[in-house]
Amino acid sequence: MSNNTEQGVMEKLVSLCKRKGFIYQGSEIYGGLAGTWDFGPLGVALKNNVKALWWSRFVLGRDDMYGMDAAILMNPAAWEASGHVAGFADPLVEDTKTQKRYRADHLLEAAGVDPKGMKAAEMDAAIKEKGIKSPDGNPLGDVRQFNMMLKTHVGAIQDDSSVSYLRPETAGGMFVNFKNVVDSFHPKLPFGLAQIGKAFRNEIAPRDFIFRLRELEQMEIEYFVKPAEWEAAFESFRKEVREFTKDIGLSQEKVHELEVADEDRAHYSKRTIDFEFDYPFGRKELYGLAYRTDFDLTAHSNRSKQDLSYFDEETKERLVPHVIEPSFGVDRTVLAVLADAYREDELGGEPRVYLALSPAVAPFLACVSPLLKNKPQLVEKAKEVRAALAKAFPGRVAYDDNGNIGKRYRRQDEIGTPFCVTVDFDTVEGKDAPLDTVTLRHRDTGEQERVAIADLAARLVA
Ligand code: ATP
């Protein structure tokens with residue numbers, strides 16, 4: 001079929017997302033704002049399904065996990081203690097003519113140089129040695145570190161005393177509440193704090209649709225363990241992260257684990273595994289799993305002068321727990337799920353575009369239709385069937401009586417609805433098929449079967 005190059009697939013996906021109400025450019029009517037995208041009705045439904053699956057696996061499904069929702073704005077001392085004010089930076093290089101700014105490591109990669117492990121000065125030397133120019137063909141300036149935290153002022157006075165940051169990761173809010181949760185719940189080690197929320201990064205070059213954003217959403221866990229037990233917890237989360245990629249229906253052969261080399265790890269990490277995904281634009285980080293040692297609790301304890309140690313009732317020992325952190329990007333998940341599901345094929349002799357989304361994440365699980373919208377008995381029955389299904393699957397059953405039935409199927413295919421249910425004359429008259437049966441159509445194959453209304457709910461979870 002048409003343009004199925006990597007770029008072609010991304011363009012088609014971005015356009016489908018806009019047309020169908022999944023994802024719109026942020027502030028579009030004002031020309032947009034780089035690095036921001038808005039989720040429309042179907043996008044938010046998909047995203048909420050992803051978040052609910054995550055919360056269900058990692059919080060509700062365990063008895064060692066405590067949910068949280070910390071403030072986005074924090075006392076700036078927290079980000080000084082965590083090392084983000086000093087070190088949360090990416091290498092920046094500027095086109096000397098246009099003043100456009102680029103990630104030095106991205107330009108090196110594009111020129112066939114592997115930037116992994118390079119310091120800013122080494123990148124600078126490599127750019128000069130290879131004579132790498134900006135994408136506009138102009139000379140580049142020196143590489144320098146650019147801090148990615150988004151600064152703001154809190155309160156009516158706009159001076160240095162009111163500077164704060166929009167959190168660059170949700171993790172900080174959990175570390176500063178470690179003592180609160182211990183005091184309220186007296187959990188035994190190991191235990192974890194989990195939260196879902198927005199984070200902000202002033203990325204030098206936001207790109208690839210919702211892959212690299214300036215406003216993003218994360219689902220993170222800080223799992224506190226006895227120092228000697230970090231490896232077992234790390235391995236256990238490694239499996240759990242993998243299981244989550246199955247929950248959301250990702251093709252397993254597109255998910256890869258990468259052991260991150262010492263020199264490429266974040267300043268707080270002693271071991272990191274990146275879970276990468278084969279996006280249409282290449283293999284890139286989807287999630288991270290890091291062993292953060294006691295770095296954060298110790299740093300916050302030193303800075304806040306609060307005791308953030310833990311008293312182990314069993315051994316009567318006081319210790320600073322170590323931390324395993326699985327970190328998931330919501331937006332990168334949504335993009336992986338959508339890109340993985342995008343399909344073009346031919347059905348009934350006609351080309352079609354559809355999303356082979358897993359029923360677990362699809363915005364709608366099913367769509368109910370009357371065969372004809374001008375036959376009141378069919379409409380009434382269809383609404384009845386829809387209402388019954390909506391009780392079983394709240395918010396996940398659509399109703400559509402626009403256009404002919406073939407068009408309705410195509411519309412649902414394009415937004416990834418796994419099942420279509422059609423109420424026809426046999427449903428209400430029972431002539432050529434038993435009374436109170438409907439047509440159940442399967443998205444991927446287009447196959448149709450006759451199913452009793454009473455059995456529908458059980459069939460839709462399949
Ligand atoms: P990258 O190397 O791609 O910039 P990172 O290593 O900085 O990512 P982490 O700091 O480990 O990312 O953040 C945890 C997770 O948050 C990532 O695995 C990813 O899913 C998500 N994430 C990070 N930065 C962004 C971003 N700019 N836009 C969207 N999601 C992001």
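Whatever order the structure lists them in is the order used to number ligands and atoms, beginning at 1. Residues take their numbers from the sequence shown, with the count starting at 1.
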Inset, instruction - Please work out which of E285, E325, M148, K284 has its closest non-hydrogen atom nearest to atom 17 (C) of ligand 1. - result: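 Among E285, E325, M148, K284, the closest heavy atom to atom 17 (C) of ligand 1 comes from E285.
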Legend entry - Best match, E215, E217, R332, R212: closest heavy atom to atom 25 (C) of ligand 1: R332
Taking the six-membered ring of [Y], is NZ or CZ of [X] closer than 6.0 Å to its centre and within 45° of its axis?
X    : Y    : answer
K47  : F39  : yes
R441 : Y409 : yes
R318 : Y310 : no
R292 : F295 : no

Would the distance check show the side chain of [X] and the main-chain N or O of [Y] forming a donor-acceptor pair, the cut-off being under 3.5 Å?
X    : Y    : answer
Q195 : T170 : yes
D331 : L216 : no
R443 : G416 : yes

Inset, instruction - Look at the aromatic rings of Y279 and F277 and report parallel, tilted or perpendicular, splitting at 30° and 60°. - result: perpendicular
Tell me: protein heavy atom nearest [atom], and distance?
atom                    : value
atom 24 (N) of ligand 1 : R201 NH1, 3.3 Å
atom 29 (C) of ligand 1 : F211 O, 3.0 Å
atom 22 (N) of ligand 1 : L216 CD1, 3.8 Å

What atoms in ligand 1 come closer than 4.0 Å to a heavy atom of [X]?
X    : result
E203 : 26 (C), 27 (N)
S327 : 14 (C), 15 (C)
Y287 : 18 (O)
G329 : 20 (O), 21 (C)
G288 : 18 (O)

Inset, instruction - Mind checking whether E169 contacts ligand 1 via backbone (N, CA, C, O), side chain (CB onward), both or neither, at a 4.0 Å heavy-atom cut-off? - result: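 No part of E169 is near ligand 1 at this cut-off.
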Return yes or no for this condition: an N or O of [X] is under 3.5 Å from an N or O of ligand 1.
X    : value
F328 : no
L213 : yes
Q218 : yes

Inset, instruction - First locate atom CG of L355, then atom CZ of F22, and finally report the distance between them rounded to the nearest 0.5 Å. - result: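 Rounded to the nearest 0.5 Å, the CG-CZ separation comes out at 5.5 Å.
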Inset, instruction - Please state whether F275 comes within less than 4.0 angstrom of ligand 1, counting heavy atoms only. - result: no
Inset, instruction - Would you check whether L286 reaches within less than 4.0 Å of ligand 1, judged by its heavy atoms? - result: yes
Inset, instruction - Please determine, by modelled atom types, if E220 and S327 share a side-chain donor-acceptor pair under 3.5 angstrom. - result: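 S327 and E220 do have a side-chain donor-acceptor pair below 3.5 Å.
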